[in-house]
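To start, the structure itself, in structure tokens.
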Amino acid sequence: MPTIPEKPALEGLEQKWTSRWQADRTYAFDRARPRDVVYAIDTPPPTVSGSLHVGHVFSYTHTDLIARFQRMRGRSVFYPMGWDDNGLPTERRVQNYYGVRCDPSLPFDPAFVPPAKPGKQAISISRPNFVALCAQLTTEDEKVFEHLWRHLGVSVDWSLTYATIGRRAQRISQLAFLRLLHAGQAYQLEAPTLWDVDFRTAVAQAELEDRELPGAYHRIAFAIANRESRIDGSGIGESGNRVFIDTTRPELIPACVALVAHPDDPRYQPLFGTNVLTPLFNVPVPVKAHPLADPEKGTGLAMICTFGDVTDVVWWRELGLPVRAIIQPNGALRPVTFGGAGWESTDAASAQAAYDQLAGLSAVKARAKVVELLKASGDMLGEPRPITHNVKFYEKGDRPLEIVTSRQWFIKTMEFRDALLGRGAELQWHPEYMRARFENWVNGLNGDWCVSRQRFFGVPFPVWYRVSPDGTADVAARLLPREDQLPMDPSTDVPDGFTADQRGVPGGFVGDPDVMDTWATSSLTPFIVCGWETDPELFAKTFPMHLRPQGHDIIRTWLFSTVLRSHLEEDALPWSNAAISGWVLDPDRKKMSKSKGNVVTPMALLEEHGSDAVRYWAAKGGPGVDTAFEPGQMKVGRRLAIKLLNASKFVLGKTEPVGPVTEAVDRGMLQRLAVVTADATRHLDGYDYSAALRDTEAFFWWFCDDYIELVKRRRAGDDAGAASANAAAQLALSVMLRLMAPYLPFTTEEVWSWWQSGSVHRSAWPVASEFDVASGDDRRDASLHASAVTAAIRQQRSTKNLGFGVPVRAALTLPVPYESTWRAIERDVLAGNNALDSTVTFSGEIVLAEIEPAPPAGA
RNA sequence: AGGCGCGUAGCUCAGCUGGUUAGAGCGCCUGCUUGACAUGCAGGAGGUCCGCGGUUCGAGUCCGCGCGUGCCUACCA
């Protein structure tokens, strides 16, 4: 006999079942099972120092739907969770939380304890102390995150957790790096690099974002050094001995190394090959021709600086120009001496006088100063013309990126572009069209991947250098650790053959000061979780993995870099499927974001509506589809869950007698459910969880509103008809609970526990053979006809204002095909509609009902 | 500027390979204590399927053009 609560409710189900699942290891991965039944998921490790938002709940639910479906289909689901604690967001949080800053020159202080409250002045601490604080804080954050995921019902195996800064991740990151280095696929190069002047670190192309910024065109005169080359045309000064450029960055005039125009631009033909003089500084610079110069833009003549933007880098490289760098890593203009090599000027004294007013200023302040100087010298035509333009920023940065020449580590990507496109074609995308995002990105790559960051809380490069007699690092003389020494930190570990006191001294060694880009570690999540190079047995069973779920915003970063690393190390795709979730949009159809102040705290949301209700909303947002944040949908989900409790209570409230399923309405119901099951299975196999939910949900409501209403009186008896109804209803309930288990894991588990042993989440996904008790004929029409006649009678009741409590007589006109089903459904239809009797004629094509109140009993 | 989505009821969305009078839920209106559920049930109103062309016996669905909207990429002179 089922044990059913008097008043079933959703409240408290999350607590009850999360602890039970944990105790029973319901979602534990069984590594003893063979590879062909494993289903491995590489789920995004959330940035643990960031805040969780509704988007996380949305997309992690999608992943969990697939995980639960695959588990019920008999797969051994490998579903680990990671924490992305590596990198800048954590550093920032630690700095603010404790009021500290990292100074790598300081020695480790084992006695350091952070202040209870951050002081006004940031305390400088050593790198090991700083990293320890990062680790401490992220551990706290991880607990909060894990609690939320458990509360949401994500069926992760929590014994498989990893952190991207953890020992395991560090070892694999360093090992993979050394392999790339040995293979010649990682290299170090001194090159112009995108640089954030606040974080003082290099950043990669993938981390850029454009922001619209107000700016202004300044029309600036360059003197034509050779007076013979007179030219005409627009943009050229009337006097003929000056040419004009438009620039938004006049402060870079001292860094100008050439002017450039399109080779076919008639206005500037005479200038090509000649020199002009920069204003204020009188530095001779050549006028070059290059097809990238746009005749339509500005005056058609551009100033090439080292370096104002990425186009400058292209011009500089392709035209073989010298470097005249003025922006320092901190963003300030560095001191320069005019007249010396590389800074030749026809008037060094006045150049120096001008520049001395700029040195030490930030770019923005220097700009204002240069404008002032240009106005005074008469080299600026008119006033600056305000424009808005897009400027490249580091996605986490506050000031526009500069381009600074520095020594950085790179991983080769450019030579693998075609191979990566091939991998993108090989990968199954859900939805299919997301592949275009990947191809778009790969086709647009303009350089190898810069992986070094001048930061602290990250995986160090496992490299030392010999120190030259002059005390500087000899970057050509690398000292590498053995693989069995990993993970290591070159700032504290000592290379073989050296002693600690040789650090930094001539003839000694020094560690590479940089850490890896977070994506250099995050791109290895399949390796970290599958035990690459550490657990060959596990690796063979889980890699390549089956599913990478993620948002479309990180296709260019996470997905791309993971495909690259897997291609380089294993010559394979890291996973066979990528399921891409959409955005969560606010009611104005804008992406939910903190800055808009429209972010809802996920935990509050789960507590308000219930986890199953929130999951329902998330599940309705199909793969890749941007979905509105809609509490209304969560209420619908909640109603569904409550309805499931109540309907289950009703079905299980009377389980006897049971017998063969003989009645047409029962058989038709089961036959329809068999179709629903097949459809839902097919949809989920294709990662279309929302379509599967739609089918299942629609059937469930029909089951409640029509089927149960039709058979509840027959079922109340104890004859063969009741036995048929009981058997059918219980089978249907079992199937529906399992079909809904991935979506409503708490509710379905609760009901399952009333009458079944074990977890519904470990039960078998319904299959066709379960419906054999109703096979052999096709009674689906009978069940549909019963519904149609019921609808017609209900409409009459409503029109004539006859409540259900009023017994009626019905005169029915039914379409001819009903002749074959009517006899089999008549009893249920009449009972289910409180109709005492009926007269029926078969004609026409639509169902017509006329009803009148039946005479009172005994009349 | 290119690429990719999207545009269907007041709102949020389904409508697969083209096939009767275009669907669901929410909201709205009108009723109903019917023995699981008023956290419920029944009924109803509500649509030029963005526009214009084309293919077809037939187009919400396929093709072209346009408009609107969102994202990705490019655009820093």
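We name chains A, B, ... by the order of the sequence lines, and we start the count at 1 in each one.
Of the two residues near RNA chain B, A/Pro8 and A/Asn446, the one whose nearest nucleotide lies more 5' is A/Pro8. Comparing A/Arg797 and A/Cys704 by the nucleotide of RNA chain B whose heavy atom lies nearest to each, the residue mapping closer to the 5' end is A/Cys704.
Checking A/Trp195, A/Trp316, A/Trp315 one by one against A/Phe307, the ring pair (Phe, Tyr, Trp, His ring centres under 6.0 Å) holds for a single residue, A/Trp316.
The closest donor-acceptor contact from the side chain of A/Asp379 to the backbone of A/Leu374 lies at 3.5 Å or more, if one exists at all. Of the possible donor and acceptor atoms, none in the side chain of A/Asn833 sits under 3.5 Å from a partner among the backbone N and O of A/Ala835.
With hydrogens and angles ignored, a donor-acceptor pair closer than 3.5 Å exists between the side chain of A/Lys643 and the base of B/C37. Judged by distance alone with a 3.5 Å cut-off, no donor-acceptor contact links the side chain of A/Asn390 to the base of B/C76.
Within the 4.0 angstrom heavy-atom criterion, no nucleotide atom of any strand lies near A/Ile555. Note on A/Asn834: nothing from the nucleic acid sits closer than 4.0 angstrom, heavy atoms only. Contacts of A/Ser648 with the nucleic acid, taken as non-hydrogen atoms under 4.0 Å apart, are absent. Within the 4.0 angstrom heavy-atom criterion, no nucleotide atom of any strand lies near A/Gln796. As judged by a 4.0 angstrom heavy-atom cut-off over every strand, A/Ala9 is placed among residues making no nucleic acid contact. The residue A/Asn443 sits apart from the nucleic acid: no heavy atom pair falls under 4.0 Å. At the heavy-atom level, A/Trp701 lies under 4.0 Å from the strands shown only through sugar-phosphate atoms. Among the protein residues, A/Cys305 comes within range of no part of the nucleic acid, since none of its heavy atoms lies under 4.0 Å from any strand.
Rounded to whole Å, the distance from CD1 on A/Ile387 to C1' on B/C76 is 8 Å. Between the CZ atom of A/Phe700 and the C1' atom of B/A36 there is a distance of 10 Å, rounded to whole Å. Across the protein-nucleic acid pair, A/Ile327 atom CD1 and B/C76 atom P stand 17 Å apart, rounded to whole Å. Atom NE2 of A/His552 is separated from atom P of B/C72 by 8 Å (rounded to the nearest Å). Taking atom OH of residue A/Tyr433 and atom P of nucleotide B/C4, one finds them 13 Å apart after rounding to whole Å. Atom CG in A/Asp705 sits roughly 15 Å away from atom P in B/C37 (whole-Å rounding). Rounded to whole Å, atom C1' of B/A74 lies 11 Å from atom CD of A/Gln205. As a whole-Å value, the separation of A/Lys635 NZ from B/U12 P is 16 Å.
In summary, the aromatic rings of A/Trp583 and A/Phe58 are positioned with their centroids too far apart to meet the 6.0 Å limit. A centroid separation of less than 6.0 Å is found between the aromatic rings of A/Phe699 and A/Trp702.
Considering only side-chain atoms of A/Arg694, the nucleotide from B/G15, B/U39, B/C76 that sits closest is B/G15. Checking B/U12, B/C76, B/C37 against the side-chain heavy atoms of A/Val391 singles out B/C76 as nearest.
A distance of about 15 Å separates the P atoms of B/C67 and B/C52, rounded to the whole Å. Here the separation of B/G15 from B/U8, taken at their C1' atoms, is 9 Å to the nearest Å. Remark: the separation of the C1' atoms in B/C65 and B/U21 is 32 Å, to the nearest Å. As rounded to the nearest Å, B/C37 and B/C71 have P atoms that lie 48 Å from one another. Of the P atoms belonging to B/A59 and B/A22, the separation is 13 Å, rounded to the nearest Å. B/G31 sits 46 Å from B/G53 when the P atoms are compared, rounded to a whole Å. Remark: the separation of the P atoms in B/G3 and B/A42 is 50 Å, to the nearest Å. Here, B/C26 and B/U39 have their C1' atoms 16 Å apart, quoted to the whole Å.
Ion pair A/Glu402/A/Arg249 flagged as a salt bridge, since at least one NZ, NE, NH1 or NH2 atom sits closer than 4.0 Å to an Asp/Glu carboxylate oxygen.
One distance of note links OG of A/Ser734 with CH2 of A/Trp755; it measures 5.0 Å at 0.5 Å rounding. Separating the CG atom in A/Leu259 from the OG1 atom in A/Thr278 is a distance of 9.5 Å, to the nearest 0.5 Å. Between A/Lys800 atom NZ and A/Glu852 atom CD the span is 7.5 Å, to the nearest 0.5 Å.
Counting non-hydrogen atoms of neighbouring residues, nucleotides and ligands closer than 6.0 angstrom, the CD atom of A/Glu845 reaches no more than 12 such neighbours. In A/Asp264, the CG atom is crowded: over 12 heavy atoms of neighbouring residues, nucleotides or ligands sit closer than 6.0 Å.
Base pairing annotation: B/C62 forms a Watson-Crick or G-U wobble pair with B/G54, both donor-acceptor distances under 3.5 Å. Of all nucleotides present, only B/G40 satisfies the Watson-Crick or G-U wobble test against B/C32, with each distance under 3.5 Å. When both pairing distances are held under 3.5 Å, B/A1 makes a Watson-Crick or G-U pair with B/U73. Base-pair partner of B/U20: not found among the strands shown (Watson-Crick or G-U wobble, both distances under 3.5 Å). With both pairing distances under 3.5 Å, B/G68 is matched to B/C6 as a Watson-Crick or G-U wobble pair. Using the Watson-Crick or G-U wobble rule with both distances under 3.5 Å, B/C11 pairs with B/G25.
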- Message: Does the protein touch nucleotides 25-35 of chain B at the base, only the backbone, or not at all? Give it as B, S and - per nucleotide, heavy atoms under 4.0 Å.
- Response: SS----S--BB

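Contacts between residues 787-795 of chain A and RNA chain B, defined by a heavy-atom separation below 4.0 Å, involve A/Arg794, A/Gln795, listed by number.
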- Please report the C-alpha distance between A/Arg417 and A/Asn443 in whole Å, then the side-chain angles of each, then the deciding distance to 0.1 Å, and finally whether the side chain to side chain donor-acceptor pair (under 3.5 Å) criterion is met. CA-CA 7 Å; A/Arg417 282 214 305 211; A/Asn443 283 321; 5.6 Å; no

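Of the side-chain N and O atoms in A/Thr311, one or more sit less than 4.0 angstrom from OP1 or OP2 of B/C76. Regarding contacts with the backbone of B/C37, every side-chain N or O of A/Lys7 stays at 4.0 angstrom or more from both OP1 and OP2.
Under the 4.5 Å side-chain criterion, counting only non-hydrogen atoms from C-beta, A/Ile253 is in contact with A/Val370.
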